[in-house]
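Here is the naming used below: chain letters follow the sequence lines, and residue numbers restart at 1 for every chain.
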Amino acid sequence: MSLLSLIIFLPLLVGLVILILPASLQQKFKYITLVVTLIQLVISGFIYLKFDPSIAGIHQETQFQLVEKLSWIRLDLGTAGKLEIDYFLGIDGLSMPFLFLTSLIMAVAVLSSWEIKTNLKAFFALFLLLDAAIMGVFCALDFFLFYIFYELMLLPLYFLIGMWGGIRREYAAMKFFLYTLFGSVFMLLVIIGLYFSVVNPATGNHTFNMITMMDPANFVQGSIFSAAANLELFGISARLLAFIVLFIAFAIKVPIVPLHTWLPDAHVEAPTPISIILAGILLKIGGYGILRVCFSIFPDAASQSSWWIGLIGVVSIIYGALNALAQKDLKRLVAYSSVSHMGFVLLGIASGTVEGVSGAMLQMISHGFLSAMLFFLVGVLYQRVHDRDIYSFRGLATLMPAYSAFIMVAFFASLGLPGFSAFIAEAFTLIGAFSSESVNGWLPRWMAIGGSIGILLSAAYFLWTLQRMFFGQPRLKGGDNWLSQLSDVNLREKIALAPLALMALLLGILPSIAFDKMNTSVIEFVRFITS
Amino acid sequence: MEALSQNYIVLAILAVLLPVAGFLRVLFIKNTSRAFFYAIAGISASFIISAYIFTAVWNNQTVHYQANWFTIGNTTISIGILINNLAALMMVLVTGISLLVHIYSLAYMKNDPLIHRYCGYLGLFCGCMLLLVIADNLLVLYMAWELVGFSSYLLIGFWFTKDAAAIAAKKAFIMNRIGDVGFLIGLFIIYTQFGTFDIQKLFGEQGLVGSAILHNGVWIAASGQLPAMWLTVAGIAFFMGAAAKSAQFPLHTWLPDAMEGPTSVSSLIHAATMVAAGVFLVARIFPLFNETVLLFIAITGVFTAFLAATIALTQNDIKRVLAFSTISQLGFMMLAMGTGSVAGGIFHLATHAFFKCLLFLAAGAIIHELGHVKEKENVDFDTQDIRLMGGLRKRMPVTFYTMVVASLALVGLPFTSGYLSKDAILIHSFEWAKSRGGLFKIIPYTALLVSWLTTFYISRLIFKVFFGEWRLQKKLNAIFSVHESPAEMKYPMIILAVFSLFFIFSYHPLLFEKSWILSGFDQAESLQRINAFHTIIPATVNLISLLIIYLCYRWYVKPGFAGVAQSNFFYRLSESQWYFDRIYDILIIKPVTQLWTAVYWFERRVVDGIVNLAGSFGIISSSVSAWVDKYLIDGIVNGVAVLAKRIGDFSRHFQTGRLQHYLVTMLFFVLTFFVLKYFTQLL
Amino acid sequence: MSIEQLVFYFFAAVVLISAFFVVTMNNLVRSIFLFFVTLFAVAGLFIFALADFVALTQVVIYVGGVLVLMLFAFMLSNKQLLNDLKVVKIKSVHSLPAFLVALIFLFILVNVIIAAQPESISWLQNKSNWLQPADNTVNQIGIQIMTRYLLPFEVVSVLLLMALIGAAHIARKDKV
Amino acid sequence: MKDLLPYIPGFINDAMKSLGFFMPEIVLTIGFILVVITDAFSAKKSNGPFYLTLISLVVAGVFTIQQLQYKSTELFSGMLISDHSGVLFKLVFLMVGLIFILFLKNNRDFNSHAKGTGDACSIFLAVLLGMNLMAMSSNLLMIFISIEMVSIGSYLMVGYISKDNRQTEAAVKYVIFGAVCSAIMLYGLSLIYGLTGTLNLSSPELIRGLSEVPPLVSGVIIILVLVGIGFKLSVVPFHFWSPDVYEGAPTPVTAFLSTGPKAAGFAILIRFLTPLQNGDSTQLDNLLFNFNAILAVAAMASMVIGNFGAIWQNNIKRMLAYSSIGHTGFLLMAIIAFSAAGFKALMFYIVIYAIMNMAAFILANEVEELTGSEEADDYKGLGKQFPLLMVCFVIVLVSLTGLPPTAGFTAKFLIFSSALDSYNASGSVWLLLLMITGAVTTVVSLFYYFKIPLNAFLKARETPYGLVKYTSMKPIWIILSVLLIVLLFVPGIIISFL
Amino acid sequence: MIPLSHFLIISAVLFCIGLFAVLSKRNAIQILIGIEFMINAGVLNLVAFSRYDRINSGGQVFALFAIVLAAASVAVALAIILNVYKKSSTIDLSKVNQLSD
């Protein structure tokens with residue numbers, strides 16, 4: 001069994017083991033899960049080190065690394081040809097960083113799961129299932145497999161939010177589920193359409209291989225998504241329509257304005273570890289999907305619609321930030337800030353420049369660490385006094401100095417303070433967006449300038465929160481009662497937070513640790529989509 | 001030579017890192033007792049290194065070293081140091097003043113429980129400031145630029161339990177962010193046009209910027225081209241960054257508020273060093289600016305100088321007077337830059353750093369001592385209000401004399417450093433205006449006016465603080481005692497006072513052109529030297545200044561002056577700082593607040609609403625379908641019944657069983673098809 | 001008009017008129033008896049189509065079986081009937097939608113029949129395949145059932161057994 | 001009389017030969033008779049009929065599996081045709097039957113039925129025989145008889161217990177509705193016979209006869225026949241009976257009705273449409289009418305009404321009834337996209353649908369026996385008390401929704417695939433609309449399916465139910481749920497049969 | 001000889017009368033009678049066509065089976081109706097409407 005399979009199936013297996021273990025051991029489950037995530041972390045660290053940065057991947061199957069390809073389902077469907085579904089895993093520079101991100105965030109999420117007190121068995125089993133599914137999404141290169149993992153994430157999340165969430169958890173869980181399902185059902189139609197449009201040149205069968213789908217030469221003459229045939233559905237080019245459908249499916253995850261409204265609800269209602277995973281990883285799956293699927297398979301449609309995607313990005317940046325400014329609930333504020341920050345990802349991707357795409361990638365990774373940190377911190381506060389209202393607190397810096405220090409790091413890193421990863425990421429997405437007009441003419445320059453207003457607004461809401469909640473004389477809504485409950489961060493929390501802060505810092509000071517591994521891929525990706 | 005250069009590189013990096021090490025220490029060690037020891041050790045080492053490098057570099061060589069930082073696409077972003085005259089001078093300036101302020105802080109901050117943080121923050125500031133100065137790369141410069149802003153945020157909000165301090169810190173950071181956005185946009189343009197951030201490559205001799213040409217409205221560089229407009233936009237964008245940092249109009253309002261921080265911090269960051277970074281930036285990237293932008297800079301500079309000076313006239317908070325004075329002087333520097341005199345600007349930057357730092361330290365000494373009084377006597381009063389001071393000349397002689405020296409330098413009387421640098425700017429601006437003529441002359445004349453206003457407000461300050469009687473005693477009707485500040489504070493002030501005198505900068509007390517600093521920089525624009533200006537202007541300025549000082553003496557020391565009518569429009573305008581905060585509040589903050597409230601309303605009511613609508617679409621549709629199932633059957637039947645009522649009178653008895661509803665409906669659908677079929681066939 | 005036609009139309013008239021009354025009649029018992037008339041008349045029509053065996057079956061099964069069953073069911077389910085035979089006034093034909101549906105159906109069906117031109121359907125033109133009044137249909141059907149339609153015949157036996165068992169099960173009283 | 005004589009030996013020979021291909025049905029018939037006899041002579045609570053039924057199912061299964069290898073053959077002088085697809089359907093019926101008979105055996109209503117379950121076993125065997133015949137019919141007469149057989153048997157099963165007025169109501173609605181539909185169908189069949197002179201579906205005269213008359217005539221006639229088939233499928237607009245009947249009928253019967261006869265309905269629909277679709281298509285398009293449009297409208301209406309109607313429901317059985325209407329519409333998509341791939345997809349879907357629908361009803365029944373309620377609101381907090389049961393339920397519901405990691409997803413996926421494939425070939429806009437409707441209603445179905453986990457896991461109940469034990473159906477619903485997951489990974493075990 | 005179309009028209013009328021009864025009557029037994037009319041209409045068709053099908057006699061045989069099946073259905077239906085009467089004391093189907101949305 002190779003590393004990728006291991007990293008996917010290890011949590012799955014352990015999840016089953018946890019299901020089987022008697023409930024009397026339930027206090028041990030968190031340790032088991034922690035160990036699993038740590039092993040994953042080690043494996044992904046090893047993969048990171050072993051990863052050869054000089055090979056691009058993207059649209060050449062031979063250039064993927066750690067490839068595993070087993071035939072899985074072969075169905076003879078008569079006229080529809082032979083169904084060719086592979087168990088096909090592999091990574092390139094676009095997916096490898098996410099493996100590491102996922103492992104780290106998962107470990108942190110486990111550490112924050114200490115707050116979960118009820119029904120531990122189910123919680124950790126679902127947690128590990130989710131873990132496996134996410135890993136699978138990032139590794140899968142067969143579209144069918146990808147879709148299965150993609151959908152598989154939904155169920156555990158539904159229950160994790162729904163069973164351990166806040167007061168309106170049912171509403172939030174359902175909303176989240178419906179949104180994502182809405183996107184993915186239509187995605188399924190496009191997947192099937194692609195399947196029938198593409199043949200594997202080696203076998204002559206239709207195939208779900210994503211890499212094969214990227215080569216226009218593999219499309220059957222006159223098939224629905226063939227670029228040459230340029231069929232129209234409902235008066236729109238079929239390829240453009242498919243692109244839009246896929247884009248919406250992934251963009252719901254990202255999320256974009258106006259498809260973002262599940263996010264504040266889901267984040268706010270979810271228990272802390274799930275908020276961490278949602279913000280830290282789930283949102284990135286949207287961005288990853290847009291890169292891996294939407295742009296790679298439909299580069300022509302991508303160039304047609306990049307202006308709109310860029311616009312959506314800018315609108316998300318500003319709209320999210322303005323909403324964040326209006327929030328009273330700290331978690332909601334962080335959630336809206338996610339919308340704003342993920343807008344940069346879209347902007348960078350839409351620029352179609354190396355700088356923009358690299359920036360977007362880094363922004364995803366950086367936001368992964370930072371939003372996880374932010375949600376963790378909110379969770380720490382909430383766990384202590386069960387309140388997240390910004391107006392309920394004042395002068396926390398005096399009461400919880402270490403906590404405040406972490407908050408400061410997280411806030412300033414999030415608002416793009418140089419030295420932290422978000423700065424490099426945001427700067428380069430914007431640079432990419434700005435230079436796009438010169439390089440390929442995809443985005444007008446004002447979008448970059450519009451996007452940079454987001455940087456300003458993010459400073460405004462984070463600093464306002466900092467000033468309102470942490471500075472000044474201590475004054476709490478809960479009075480002396482809270483005073484005793486608001487203990488500073490403990491060792492476990494520090495252990496969880498420190499690597500996140502450290503990663504954000506490290507990526508800010510040495511962005512090359514991320515860029516070096518993905519640069520070749522990004523260059524090739526940009527060449528591929530713009531050629 | 002190469003090996004030596006290597007040494008400089010290591011040393012320069014050490015100079016940056018040593019102070020930062022102090023900051024890192026704070027993160028992990030909460031020990032307050034030896035914080036200052038490490039901080040001072042660090043900054044001293046840094047200072048010695050800087051001095052050493054300065055001697056090696058000044059007018060001798062340029063140390064430039066680069067290493068690859070990261071590669072993005074095919075572009076490799078380097079990180080490195082570039083120490084030329086400008087950087088070397090700034091290094092010495094920054095570390096030197098920092099060292100003095102550190103020593104001063106020993107006493108000033110002695111009783112604060114969080115001094116380890118204070119030391120750490122200062123260290124962070126020094127490191128970042130040094131990085132800013134020596135960065136050879138605009139991206140790194142920008143990073144350092146924001147980081148000094150960040151450390152300034154930390155230091156302004158050092159007493160974070162004070163709401164005013166926290167708010168001021170936030171305001172400072174956000175206003176700087178506005179400028180940073182400009183800076184960032186400048187970076188976009190530079191990167192798009194030239195594909196590099198390397199300062200040497202961009203702005204050095206035969207740099208990319210210099211060799212780019214404007215042709216037919218297109219700005220053509222070796223690696224790309226943009227519409228010519230973007231050249232101007234780039235200049236203005238960078239200047240926007242500089243303006244925010246150097247508190248130029250209209251982004252100046254954060255600086256007076258920043259006085260909420262400890263006075264030592266004000267003196268170091270908000271008077272001597274950080275605020276000068278804007279000027280430094282303009283000097284660094286000077287070749288980028290075209291005529292339009294330069295004129296823009298000059299006008300902004302002189303207007304800011306005038307604006308701040310008028311405001312300083314009426315302020316009663318000792319630190320605010322100095323803060324506006326700083327803004328005003330920064331305006332002067334910008335004016336110098338805008339008129340093309342980089343050297344003059346930098347010269348004034350250097351001299352101003354010393355005397356303004358001194359002014360703040362002296363003010364800090366007074367505040368500190370009054371604070372003791374406040375604490376000891378347990379009375380409540382504002383320790384910074386000059387209306388409650390007076391007569392301190394006898395009580396704090398060292399403070400008095402050093403502050404007078406600094407004030408004279410600020411006014412620009414002969415034998416002070418200020419005289420040299422101010423004359424350099426004034427005379428140059430006159431020459432500049434002369435060469436252009438027309439309305440451009442307004443600029444130097446305004447500058448002249450500003451220098452008199454400066455004389456007035458600083459004289460007012462000195463006379464009110466040190467002369468006459470101690471109004472606090474009179475007000476509270478008690479006797480207090482105040483004494484000279486301790487040695488840690490006294491000696492830095494004395495040293496700075498020495499540095500405010502002419503001989504540090506030039507052997508000739510009256511002729512600025514002899515200054516060695518000026519010789520270190522190229523005159524960007526060679527203007528015709530008009531000899532008359534070199535005598536007439538200093539003479540006029542100084543004579544009138546002396547008159548003003550006398551006037552002030554008459555007004556503020558001698559009894560009998562009734563004071564200006566406080567209801568006077570100009571007085572109110574000045575005292576309320578030209579209503580800028582209020583205007584911003586009305587024009588920007590309120591609308592933006594309303595905007596986000598509106599956006600959030602939109603979010604909840606409309607976006608979420610639509611989605612919920614779509615969500616309830618399911619319920620609606622299901623009710624439609626249930627309606628179909630439940631009522632359509634009845635409905636059709638009932639509908640027909642209504643028809644039947646009109647035809648006959650038996651509709652009342654119309655009652656059929658449910659099973660038959662089903663059958664009727666089913667057959668109705670079948671019939672629909674049949675009828676359809678029938679008619680389509682006829683067609 | 002030949003006698004044959006005359007009799008045919010007489011039967012046809014009886015079928016339709018009695019059926020109409022079965023449906024519109026207010027009195028259930030009378031309508032059940034009229035139903036008996038209709039069935040007889042339909043059996044008569046069968047004879048005109050040279051299907052004497054079917055006609056016989058119709059009479060035996062319907063009249064002997066179905067009708068009696070119905071009467072039993074009706075009487076069992078209507079104890080009052082035993083007291084007063086008039087009962088159960090069915091609210092007369094006030095169901096316009098039913099009427100309309102039936103009417104449109106009729107309209108369509110008649111149209112279909114006319115459009116189909118039954119007289120000229122091709123397979124009907126093979127006169128050698130026509131039944132003659134002299135043919136012994138009983139004999140023929142017997143052979144057919146035992147050969148070509150053997151399977152349906154057997155299957156129907158199973159079906160009838162099942163129906164018998166089921167109906168008996170459902171209708172009998174719960175007793176342990 | 002004389003005319004017929006020469007044919008007689010041929011018929012006899014044919015019948016004798018056919019018997020070899022008729023073994024499963026013969027076994028079922030024998031089983032039926034044996035059950036009737038045993039039931040008559042044994043005590044009311046005897047298990048004899050049950051085991052006899054089980055044995056006949058197994059034996060019939062063995063024979064049926066053997067038939068997989070046979071080529072397609074006409075039996076009984078064209079009354080039946082034994083071909084691969086028919087055999088597959090028969091296997092599905094047997095599978096459904098097996099689950100049903102186990103379900104029935106362990107159902108509280110049936111066990112406490114005073115009149116015993118022996119008759120149910122015999123009726124069931126007869127219905128199974130009828131379904132087998134439906135799958136094999138290639139003659140209008142056989143179609144009519146087999147449909148009637150299944151229908152009459154179904155009426156009896158629905159009304160079998162008649163423990164309260166809801167059950168009798170269900171039965172009476174079912175029987176009247178069914179009788180009307182079959183009468184209409186009979187009328188249609190008589191006209192087909194009249195127009196073509198043949199009862200044999202595979203005879204070329206059928207097509208010729210239908211294409212000679214104006215399209216109005218053939219269209220109306222075919223629709224009349226489709227009424228009867230539509231009733232079996234409970235496709236819109238012939239669905240009105242099904243929510244009421246499903247709700248009222250005993251749960252095992254509901255489970256059976258929603259799978260077995262429905263699948264048989266599809267078998268017969270395919271039989272009936274195949275000659276019409278496989279004929280000279282250009283001619284058909286000109287002379288007959290576009291079936292696909294009608295079926296597509298019916299399919300879309302079924303999906304919409306089924307799924308949207310289900311949202312409204314609080315009674316789980318009624319909800320599942322509506323959902324099964326939706327699934328029928330979805331399956332019709334495969335019929336419209338009829339092709340080899342379409343058939344496989346259809347078969348696969350039917351198998352999976354049978355498993356999951358059966359499982360859903362079994363689970364609903366389990367909950368009903370544990371808590372005494374069929375209402376979704378009463379599922380509150382069950383997840384905590386009966387984790388295993390509710391986890392299985394969730395798996396089944398996820399599968400019904402058509403999401404990974406369950407076989408329901410593969411099934412849905414295959415249907416979409418065949419539809420899209422067919423769209424690729426034909427470019428028919430109906431298929432596109434169908435797929436979009438299918439996708440939208442999938443999302444909609446989430447609303448009501450997830451009502452159950454929502455209540456079971458996300459809501460709490462104040463007073464937990466007392467200590468109750470699972471019924472002996474536990475291993476069955478566990479196996480079925482696990483099967484749904486396993487089949488995602490190895491769909492080959494089913495597909496290799498297809 | 002009687003023209004075929006006359007048979008067909010008579011059967012169509014009979015069918016629709018039956019249909020009308022099914023749709024309008026509330027008494028279960030009358031509904032059943034309506035259904036029998038519809039079946040009889042179908043049978044009449046079959047018989048009428050069968051006159052031209054001497055060899056196969058498909059129509060007549062079909063007619064026989066149809067009559068037999070109709071009888072079986074009626075028996076089952078009546079049993080069920082009887083049960084309804086037992087439980088609900090009515091055979092008025094419009095009153096049997098507990099099961100509904």
Side-chain angles (χ1 to χ4, degrees), chain A residues 174-175 178-179 257-262 319 322-323 325-327 353-355 358-359 395 397-398 405 412 415-419 423-424 427-428 430-431 433-435 437-439 445 448-449 452-453 455-456 459-460 463-464 466-467 470-474 510-512 515-516 519 522-523 526, chain B residues 27 30 68-75 77 139-140 142-147 150 153-154 157 160-163 165-167 169-170 173-174 177-178 180-181 184-185 187-189 191-193 195 224-226 230 592-593 595-601 603 606-608 610-612 614-615 618:
Chain A
M174 205 63 193
K175 198 169 175 182
L178 279 174
Y179 256 89
V257 173
L259 300 173
H260 65 286
T261 58
W262 64 269
Y319 188 84
L322 284 174
N323 269 308
L325 276 165
Q327 297 310 313
T353 57
V354 178
E355 290 82 8
S358 298
T398 318
F412 274 96
L415 64 80
L417 188 71
F423 163 69
I424 301 278
F428 277 95
L430 292 175
I431 285 173
F434 189 84
S435 61
E437 190 175 323
S438 305
V439 177
R445 299 196 202 282
I449 292 166
S452 41
I453 291 172
I455 293 184
L456 179 64
L463 292 185
W464 175 78
L466 208 54
Q467 175 232 321
F470 291 86
F471 297 156
Q473 291 293 341
L510 289 174
S512 54
F515 282 144
D516 282 357
N519 202 23
V522 170
I523 291 172
V526 168
Chain B
L27 286 181
K30 303 246 173 315
N68 286 350
W69 186 19
F70 61 90
T71 303
I72 187 161
N74 299 316
T75 317
I77 309 289
L139 189 67
V140 181
Y142 178 82
M143 291 176 69
W145 179 269
E146 277 222 36
L147 284 171
F150 171 65
Y153 172 85
L154 291 174
F160 60 84
T161 48
K162 272 198 335 197
D163 281 335
I167 291 169
K170 178 185 73 178
F173 196 90
I174 290 175
R177 259 279 149 128
I178 297 174
D180 293 348
V181 168
L184 205 56
I185 290 169
L187 291 183
F188 302 161
I189 297 169
Y191 186 85
T192 304
Q193 178 74 333
Q225 57 182 47
L226 287 173
W230 291 103
V592 173
T593 314
L595 176 66
W596 78 55
T597 316
V599 165
Y600 187 53
W601 179 89
E603 161 84 4
V606 183
V607 179
D608 220 17
I610 287 171
V611 170
N612 281 338

Legend entry - Phe515(A) side chain near Ile77(B) side chain, heavy-atom distance below 4.5 Å: no
Legend entry - Region of Thr75(B) in contact with chain A, defined by heavy-atom distances below 4.5 Å: side chain
Inset, instruction - Please tell me if the side chains of Phe412(A) and Leu154(B) come closer than 4.5 Å, counting only heavy atoms from C-beta onward. - result: no
Inset, instruction - Could you list the residues that satisfy side chain to side chain contact (heavy atoms under 4.5 Å, CB included) with Val181(B), not counting sequence neighbours? - result: Ser452(A), Leu456(A), Ile185(B)
Inset, instruction - Would you mind reporting whether Lys170(B) and Phe471(A) have side-chain heavy atoms less than 4.5 Å apart? - result: no
Inset, instruction - Determine whether Leu415(A) and Phe173(B) make a side-chain contact, defined as any pair of heavy atoms from C-beta on separated by less than 4.5 Å. - result: yes
Legend entry - Segment of Thr398(A) engaging chain B (4.5 angstrom heavy-atom cut-off): both
Inset, instruction - Examine whether an atom of Ala397(A) lies under 4.5 Å from a heavy atom of chain B, and if so say whether it belongs to the side chain, the backbone or both; otherwise answer neither. - result: both
Legend entry - Region of Asn68(B) that comes under 4.5 Å of a non-hydrogen atom in chain A: neither
Legend entry - Contact check, side chains of Tyr600(B) and Leu325(A), non-hydrogen atoms, under 4.5 Å: no
Legend entry - Portion of Trp601(B) that has a non-hydrogen atom of chain A nearer than 4.5 angstrom: neither
Legend entry - Any Leu322(A) side-chain heavy atom under 4.5 Å of Leu595(B) side chain: yes
Inset, instruction - Let me know if Gln327(A) has heavy atoms under 4.5 Å from chain B in its side chain, its backbone, both or neither. - result: side chain
Inset, instruction - Please examine the side chains of Phe188(B) and Arg445(A), heavy atoms only from C-beta on, and report whether any two atoms are closer than 4.5 Å. - result: no
Legend entry - Region of Leu184(B) that comes under 4.5 Å of a non-hydrogen atom in chain A: side chain
Inset, instruction - Using a 4.5 Å cut-off on heavy atoms from C-beta on, say whether the side chain of Phe423(A) contacts that of Leu139(B). - result: yes
